[in-house]
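Inspection log for the structure reproduced underneath, given as structure tokens.
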Amino acid sequence: MGMLCAVSFNRYGRLYYLDPGDLHPVVGDKVLVPTDDGTEVAECVWAAQWVDEETSGFPRLAGMATESDLRRDETQRKRKAEAKVAAKRLIREHGLPMKVVAVDHTLDQAGGPSAGGGARTTIYFTAPHRVDFRSLVRDLGATLHCRVELRQLSARDSARVQGGIGSCGRDLCCATFLNDFEPVTIRMAKDQDLPLNPLRISGACGRLMCCLKYEHPLYQQFQASAPSIGSRVSTPEGDGRVVAHSVPRDSVTVRLDADGSRCSCSRASVCGPRKAHDEHYG
């Protein structure tokens with residue numbers, strides 16, 4: 001048991017959970033978060049509070065942001081905006097099939113906006129294939145006066161970086177809480193009896209929706225124990241044939257032999273092993 005708070009580097013961006021230590025940030029406070037490139041300013045979106053989980057493995061806040069930190073953060077944001085505009089212009093001039101997705105900038109060791117030291121700009125982009133951007137990097141370096149790196153993102157990583165709203169009406173899972181992309185297959189959509197229409201089962205990235213994997217184990221468990229469609233079963237209302245499954249309700253629909261009407265029965269009431277157990281121990 002320990003204390004955790006949540007911060008975000010961008011509005012509606014991914015949440016990062018940290019141990020506040022001796023600090024007590026509240027919603028809206030600017031805090032310092034340790035990163036690979038040093039401390040960065042983030043906004044507290046979930047005040048520090050006690051949680052049941054073990055918190056020893058979470059990174060600890062580096063402190064509360066000062067006026068100097070806020071000025072440095074504002075400088076970084078301006079440099080990012082300038083780099084994004086310059087990158088888009090030069091990409092058009094070079095006629096490259098690239099789309100700028102995001103820009104990251106690290107100030108020099110002195111913390112100033114000028115070039116030198118460790119100043120570096122990283123530009124993330126998408127492209128339909130591998131792109132020879134060597135001349136573009138040279139022009140960007142001469143324009144931005146710092147070291148420039150270009151990194152090509154996959155469709156899923158691009159959606160994670162940009163964020164957006166899914167078909168469910170909520171923020172994209174990959175941009176909020178998903179840490180890793182797990183394999184998603186068309187078999188999962190078939191097992192869940194979903195229409196195999198790409199517009200219905202694809203996410204904002206154009207790939208199969210990550211959420212297809214969330215309920216897939218439930219469907220697998222149901223199909224392993226429920227009578228298949230077309231099989232004959234005995235229900236509390238009489239014998240009949242299974243004509244449909246309803247996994248969310250954990251039930252099957254049975255057409256009764258007596259009058260052809262349909263009834264909905266729980267999976268347990270028509271499951272062979274369960275019925276045999278009840279008959280043996282009833």
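For the numbers below, each heavy atom of this structure counts, side chains included, while hydrogens, waters and symmetry mates do not.
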Check: Gly230 main-chain N/O paired with Arg241 side-chain donor or acceptor under 3.5 Å: yes
Any donor-acceptor pair under 3.5 Å from Ser231 side chain to Ser228 backbone: yes
Check whether the side chains of [X] and [Y] place a donor and an acceptor atom closer than 3.5 Å, and report yes or no.
{"X": "Ser225", "Y": "Gln221", "value": "no"}
{"X": "Glu237", "Y": "Thr235", "value": "no"}
{"X": "Ser234", "Y": "Asp239", "value": "yes"}
{"X": "Asp139", "Y": "His94", "value": "yes"}

Is it true that atom [atom1] of [X] has more than 12 heavy atoms of other residues, nucleotides or ligands lying nearer than 6.0 Å?
{"X": "Glu67", "atom1": "CD", "result": "no"}
{"X": "Asp193", "atom1": "CG", "result": "no"}
{"X": "Asn197", "atom1": "CG", "result": "yes"}
{"X": "Arg255", "atom1": "CZ", "result": "no"}
{"X": "Arg232", "atom1": "CZ", "result": "yes"}

Within the structure provided, determine whether [X] and [Y] are in side-chain contact (heavy-atom separation under 4.5 Å).
{"X": "Phe181", "Y": "Cys205", "value": "no"}
{"X": "Phe125", "Y": "Leu150", "value": "yes"}
{"X": "Thr121", "Y": "Glu149", "value": "no"}
{"X": "Val103", "Y": "Val100", "value": "yes"}
{"X": "Tyr17", "Y": "Thr55", "value": "no"}
{"X": "Asp191", "Y": "Gln223", "value": "yes"}
{"X": "Pro25", "Y": "Pro20", "value": "yes"}
{"X": "Thr39", "Y": "Arg72", "value": "yes"}

Axial cation check for Phe133 ring with Arg138, 6.0 Å and 45° limits: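 Negative - Arg138 is either too far from the ring of Phe133 or too far off its axis.
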Transitive ILVMFWY cluster of Leu70, excluding itself - 4.5 Å side-chain cut-off: Leu32, Val41
Carboxylate-amine/guanidinium contact Asp69 Lys30, below 4.0 Å: no
Salt-bridge criterion met for Lys78 and Glu82 (N-O under 4.0 Å):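 Salt bridge between Lys78 and Glu82, a charged N being under 4.0 Å from a carboxylate O: no.
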Inter-residue atom distance [X].[atom1] - [Y].[atom2], 0.5 Å rounding:
{"X": "Leu256", "Y": "Ser261", "atom1": "CG", "atom2": "OG", "value": "4.5 Å"}
{"X": "Ile186", "Y": "Leu194", "atom1": "CD1", "atom2": "CG", "value": "9.0 Å"}
{"X": "Ser154", "Y": "Arg207", "atom1": "OG", "atom2": "CZ", "value": "7.5 Å"}
{"X": "His145", "Y": "Arg79", "atom1": "NE2", "atom2": "CZ", "value": "8.0 Å"}
{"X": "His105", "Y": "Lys84", "atom1": "NE2", "atom2": "NZ", "value": "16.0 Å"}
{"X": "Gln162", "Y": "Cys174", "atom1": "CD", "atom2": "SG", "value": "10.0 Å"}

Check against side-chain contact (heavy atoms from CB on, under 4.5 Å), Val45 and Leu15: CA-CA 8 Å; Val45 296; Leu15 299 184; 3.3 Å; yes
With the 4.5 Å side-chain cut-off for hydrophobic clustering, are [X] and [Y] part of the same group?
{"X": "Leu140", "Y": "Val131", "result": "yes"}
{"X": "Leu4", "Y": "Leu61", "result": "no"}
{"X": "Ile123", "Y": "Leu96", "result": "yes"}
{"X": "Val51", "Y": "Met3", "result": "no"}
{"X": "Tyr16", "Y": "Leu23", "result": "yes"}

Aromatic ring pairing Tyr214/Phe177, orientation class (parallel under 30°, perpendicular over 60°, tilted between):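 Geometry flag for Phe177 against Tyr214: tilted rings.
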Met98 and Leu136: CA distance, side-chain angles, deciding distance, side-chain contact (heavy atoms from CB on, under 4.5 Å) verdict: CA-CA 11 Å; Met98 301 166 58; Leu136 174 63; 3.9 Å; yes
With sequence neighbours excluded, residues passing side chain to side chain contact (heavy atoms under 4.5 Å, CB included) with Ala102: Tyr124, Val161
Working for side-chain contact (heavy atoms from CB on, under 4.5 Å), residues Val26 and Trp46: CA-CA 7 Å; Val26 297; Trp46 181 35; over 6 Å; no
Nearest non-hydrogen partners of [X] and [Y], listed with the distance:
{"X": "Ala86", "Y": "Leu144", "value": "CB-CD2, 4.0 Å"}
{"X": "Val7", "Y": "Cys44", "value": "CG1-CA, 4.1 Å"}
{"X": "Gly28", "Y": "Glu43", "value": "CA-OE2, 3.7 Å"}
{"X": "Arg156", "Y": "Val184", "value": "NH2-CB, 4.4 Å"}
{"X": "Cys265", "Y": "Val254", "value": "SG-CG2, 4.5 Å"}
{"X": "Met188", "Y": "Pro183", "value": "CE-O, 3.6 Å"}

Trace of the side-chain contact (heavy atoms from CB on, under 4.5 Å) decision for His216 with Leu212: CA-CA 7 Å; His216 189 242; Leu212 290 177; over 6 Å; no
